[in-house]
Amino acid sequence: MGCTRRLDSILKLMLLTAFAIILMVPLEAAAEEQLSLKAKPGFNGVYKTNSLIPVQVIIENKGEPLSANIVITQGDKEYQSSNYTYQQQVVLATGEVKKVNILLPAEMLLNGDGIALVAKNQLIAKAPLQGLSVRGDAALIIGISARGDIHRVIMDANQGQEGARVTTGKTITPEDLPEDYLALKSIDIIVLDGQEKELLTPKQLQSIQQW
């Protein structure tokens, strides 16, 4: 009799556990659908290892209004403020897409655990920081255009020259050019599409002039 009751209790516990798991799966899927987090390090993914690196964080909120923190942790740690190497508060209304530009030391990007969005010490979204790191002594060429890879004009001219530095380049759109002059300091050559100069904001033009 005792064995039968014990067996019934075990079966009930198993059923309750299975039911809880079934309920959790669609809830997690719904949370992922309501919130999108992306991170774009450097210049279209390219950055130097001995510099400050611009990172554009893009958050889309399709759920309820949200107040959270963009954070970076080192390694596999709990999401508590004492473990953050970087944090910045962000507030999003329902249906809002927000782009947040931040500057990070290269070592933080290389050793970090990606970008996370945390509310009340709970992880609600995460994105990897993936890109191509370039040696500090290499030449970084950045084109600014929405019409094609204009940085290749300089890269192709540089190839085959004796004693030429190792070069890496990318072209970004005018919209993606950082407004902070410090974010441009690692660039060796900027190639600007003259026909799209008018698409740059006054702050972007000022940052190029300071560079």
Item to check | From CA spacing to verdict: side chain to side chain contact (heavy atoms under 4.5 Å, CB included), Ile124, Leu37 | outcome: CA-CA 10 Å; Ile124 55 177; Leu37 177 66; over 6 Å; no
Check: [X] side chain, [Y] main-chain N or O, donor-acceptor pair, under 3.5 Å:
{"X": "Thr167", "Y": "Ala139", "answer": "no"}
{"X": "Gln206", "Y": "Lys203", "answer": "no"}
{"X": "Thr94", "Y": "Gly63", "answer": "yes"}
{"X": "Asp188", "Y": "Leu140", "answer": "yes"}
{"X": "Gln122", "Y": "Ala119", "answer": "no"}
{"X": "Lys98", "Y": "Val91", "answer": "yes"}
{"X": "Lys48", "Y": "Ala138", "answer": "yes"}
{"X": "Ser207", "Y": "Asp180", "answer": "no"}

Checklist entry - Taking only residues two or more places apart in sequence or in another chain, which ones pass salt bridge (Lys or Arg N to Asp or Glu O under 4.0 Å) with Lys40? => result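 Only Asp176 meet the salt bridge (Lys or Arg N to Asp or Glu O under 4.0 Å) criterion with Lys40.
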Please round to the nearest 0.5 Å and tell me the distance separating atom [atom1] of [X] and atom [atom2] of [Y].
{"X": "Met155", "Y": "Lys170", "atom1": "CE", "atom2": "NZ", "result": "10.0 Å"}
{"X": "Ile115", "Y": "Gln56", "atom1": "CD1", "atom2": "CD", "result": "12.0 Å"}
{"X": "Leu199", "Y": "Ile144", "atom1": "CG", "atom2": "CD1", "result": "11.0 Å"}
{"X": "Leu184", "Y": "Leu52", "atom1": "CG", "atom2": "CG", "result": "11.5 Å"}
{"X": "Glu64", "Y": "Leu92", "atom1": "CD", "atom2": "CG", "result": "13.0 Å"}
{"X": "Tyr47", "Y": "Leu132", "atom1": "OH", "atom2": "CG", "result": "7.5 Å"}

Side chains of [X] and [Y]: does their closest heavy-atom pair fall under 4.5 Å?
{"X": "Ile142", "Y": "Val191", "result": "no"}
{"X": "Gln88", "Y": "Ile102", "result": "yes"}
{"X": "Leu192", "Y": "Lys197", "result": "yes"}
{"X": "Lys62", "Y": "Glu60", "result": "yes"}
{"X": "Ile172", "Y": "Leu177", "result": "yes"}
{"X": "Leu117", "Y": "Leu66", "result": "yes"}

Non-hydrogen atoms of [X] and [Y] that approach each other most closely:
{"X": "Lys38", "Y": "Ala127", "answer": "CA-CB, 4.2 Å"}
{"X": "Leu129", "Y": "Ala39", "answer": "CD2-CB, 3.7 Å"}
{"X": "Ser145", "Y": "Ile150", "answer": "CB-CD1, 3.7 Å"}

Item to check | From CA spacing to verdict: side chain to side chain contact (heavy atoms under 4.5 Å, CB included), Gln89, Ser67 | outcome: CA-CA 7 Å; Gln89 187 177 23; Ser67 176; 3.4 Å; yes
Quick check on the hydrophobic clustering: are [X] and [Y] connected, directly or via other members, by side-chain heavy-atom contacts under 4.5 Å?
{"X": "Tyr86", "Y": "Ile59", "result": "yes"}
{"X": "Val57", "Y": "Leu35", "result": "yes"}
{"X": "Ile58", "Y": "Val90", "result": "no"}
{"X": "Phe43", "Y": "Leu200", "result": "yes"}
{"X": "Val153", "Y": "Ile189", "result": "no"}

Item to check | Basic-acidic side-chain contact under 4.0 Å: Lys99, Glu175 | outcome: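 A salt bridge is present here (some side-chain N lies under 4.0 Å from a carboxylate O).
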Next on the checklist: Using side chain to side chain contact (heavy atoms under 4.5 Å, CB included), reason through Val134 and Val46 one step at a time and then give a plain yes or no.
Outcome noted: CA-CA 7 Å; Val134 180; Val46 175; 3.6 Å; yes
Next on the checklist: Applying side chain to side chain contact (heavy atoms under 4.5 Å, CB included) to Ile53 and Leu103, what does each step give before you reach the verdict?
Outcome noted: CA-CA 5 Å; Ile53 300 169; Leu103 274 176; over 6 Å; no
Checklist entry - Applying salt bridge (charged side-chain N to carboxylate O under 4.0 Å, His left out), which residue pairs with at least one partner in residues 133-152 are found, sequence neighbours left out? => result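 Every salt bridge (charged side-chain N to carboxylate O under 4.0 Å, His left out) pair that includes a residue of residues 133-152, provided the two are not neighbours, is Arg135-Asp137, Arg147-Asp193, Arg147-Glu196.
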